[in-house]
Amino acid sequence: MRILITNDDGMNAPGLVALEQAAQRIGGDVYVVAPEREQSAKSHAITIRHPVFAHRLPLTHGEVMRIAVSGTPCDCVRLAMIKLLKIKPDLVLSGINHGGNLGWNVFHSGTVSAAAEGHAFGVPSIAFSLASWNSEVDWGGLDVLAAKLIKRLIAAKHSRPDWLYNVNLPPCPMNEISGVRLTRQNPMVKGDNFIEREAPDGRSYFWPVWDDVMAERERQTDPEIDTVAIREKFISVTPMRYEVSNMDEPGVEAGLKDFEP
Ligand code: MN
């Protein structure tokens with residue numbers, strides 16, 4: 001099984017190594033094509049009007065391929081699919097991101113978007129995130145946990161071949177994890193904020209923070225919501241599809257009736 005691995009935390013992120021080891025545990029041939037620098041919160045951004053450089057790096061963990069790309073997570077997947085891999089991969093894994101990708105953050109996430117890009121190329125894809133924002137993270141054992149999950153997701157019955165999952169791991173020791181829950185994206189979490197500060201030259205600047213997110217989480221109680229599952233120390237598995245058309249707007253049909261351009 002050929003497994004393409006990418007992330008948005010960059011080629012040197014420990015979460016990437018954890019995911020590589022997970023892929024090897026399930027017997028996969030690992031192709032790493034990841035951003036050379038951190039590209040968190042780059043969403044589906046792609047590089048245009050600039051070249052994208054790809055540097056082949058020495059193999060470190062028994063990979064087949066290890067390439068650092070000068071662009072975004074979606075650039076990595078597109079380049080891998082179109083140019084770098086001779087045969088399409090059987091699976092795309094993205095992560096393990098340092099920080100959760102829950103609620104609205106799913107749309108900002110480079111980690112989830114890279115997996116979605118794999119899905120767009122018709123390949124089953126999984127995004128992995130560790131929902132911890134502490135600077136010190138223990139990545140030990142997450143490869144074993146991720147490998148177990150990947151096996152189960154591969155073996156599950158799917159309605160389409162290009163399935164896509166967003167997996168978040170709770171920020172607690174492995175022996176405290178409550179279990180796994182099938183979840184849906186929290187529709188409420190936004191919680192963006194900016195702290196205003198003054199630069200040494202007197203200009204004001206704004207530091208983006210998400211300090212309201214925790215409070216928003218407390219307001220939700222439905223156990224099937226991703227943020228609630230994480231709060232209750234469950235692994236959150238959200239099946240995803242990328243279809244944004246909203247056909248529940250009956251009023252607009254009448255509103256557009258007899259419109260003559
Ligand atoms: Mn990240």
Side-chain angles (χ1 to χ4, degrees), residues 3-23 30 32-47 52 57 66-80 92-119 125-140 142-143 145-146 149-150 164-172 185-186 189-194 207-214 217 226-227 230 235-238 240 242:
I3 303 179
L4 171 64
I5 300 187
T6 192
N7 72 352
D8 76 1
D9 290 342
M11 187 52 100
N12 295 318
L16 184 74
V17 178
L19 203 49
E20 277 189 50
Q21 289 169 340
V30 169
V32 178
V33 181
E36 60 185 10
R37 291 192 189 85
E38 189 188 351
Q39 298 283 330
S40 290
K42 288 289 162 74
S43 187
H44 292 273
I46 54 169
T47 301
V52 176
L57 300 178
R66 188 171 166 81
I67 292 182
V69 173
S70 66
T72 65
C74 281
D75 284 333
C76 292
V77 175
R78 285 153 51 95
L79 195 59
V92 173
L93 301 176
S94 180
I96 301 173
N97 189 60
H98 184 174
N101 283 305
L102 305 155
W104 187 266
N105 278 345
V106 164
F107 298 121
H108 295 299
S109 167
T111 306
V112 178
S113 299
E117 199 70 20
H119 157 79
S125 303
I126 314 171
F128 278 92
S129 305
L130 176 61
S132 166
W133 285 268
N134 294 338
S135 52
E136 294 293 320
V137 164
D138 182 10
W139 297 93
L142 291 188
D143 58 324
L145 181 63
L149 271 167
I150 295 164
L164 174 65
Y165 290 96
N166 180 29
V167 175
N168 279 268
L169 308 172
C172 62
Q185 186 187 19
N186 188 333
V189 166
K190 194 75 178 88
D192 309 358
N193 204 355
F194 290 93
W207 195 275
V209 292
W210 290 267
D211 54 359
D212 292 339
V213 172
M214 296 307 287
R217 274 180 200 168
D226 56 5
T227 50
I230 287 296
I235 298 163
S236 165
V237 177
T238 308
M240 293 182 71
Y242 272 68

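Throughout, residue positions are numbered sequentially from 1 according to the sequence presented. All ligand and atom numbering here is 1-based and tracks the order in the structure.
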Kindly confirm whether the Mn ion (ligand 1) is within less than 2.8 Å of some N/O/S atom in Ser40? yes
Could you check Leu4 against Thr6 for side chain to side chain contact (heavy atoms under 4.5 Å, CB included), going step by step and ending with a plain yes or no? CA-CA 7 Å; Leu4 171 64; Thr6 192; 5.5 Å; no
Between the CG atom in Asn97 and the CG atom in Asn168, the distance rounded to the nearest 0.5 Å is 8.5 Å
Using 2.8 Å as the threshold, say whether any N, O or S atom from Ser129 sits that close to the Mn ion (ligand 1). no
Could you walk me through whether Asp226 and Ser236 satisfy the side-chain hydrogen bond (donor to acceptor under 3.5 Å, both in side chains) test, starting with their C-alpha distance in whole Å, then the side-chain angles of each, then the deciding distance to 0.1 Å, before giving a yes or no? CA-CA 6 Å; Asp226 56 5; Ser236 165; 5.4 Å; no
N/O/S atom name from Asp8 that is nearest to the position of the Mn ion (ligand 1): OD1
Whether the Ser40 and Asp9 side chains hold a donor-acceptor pair (N or O, under 3.5 Å, no angle test) is what I'd like checked. yes
What's the atom name of the N, O or S in Asp9 nearest to the Mn ion (ligand 1)? OD1
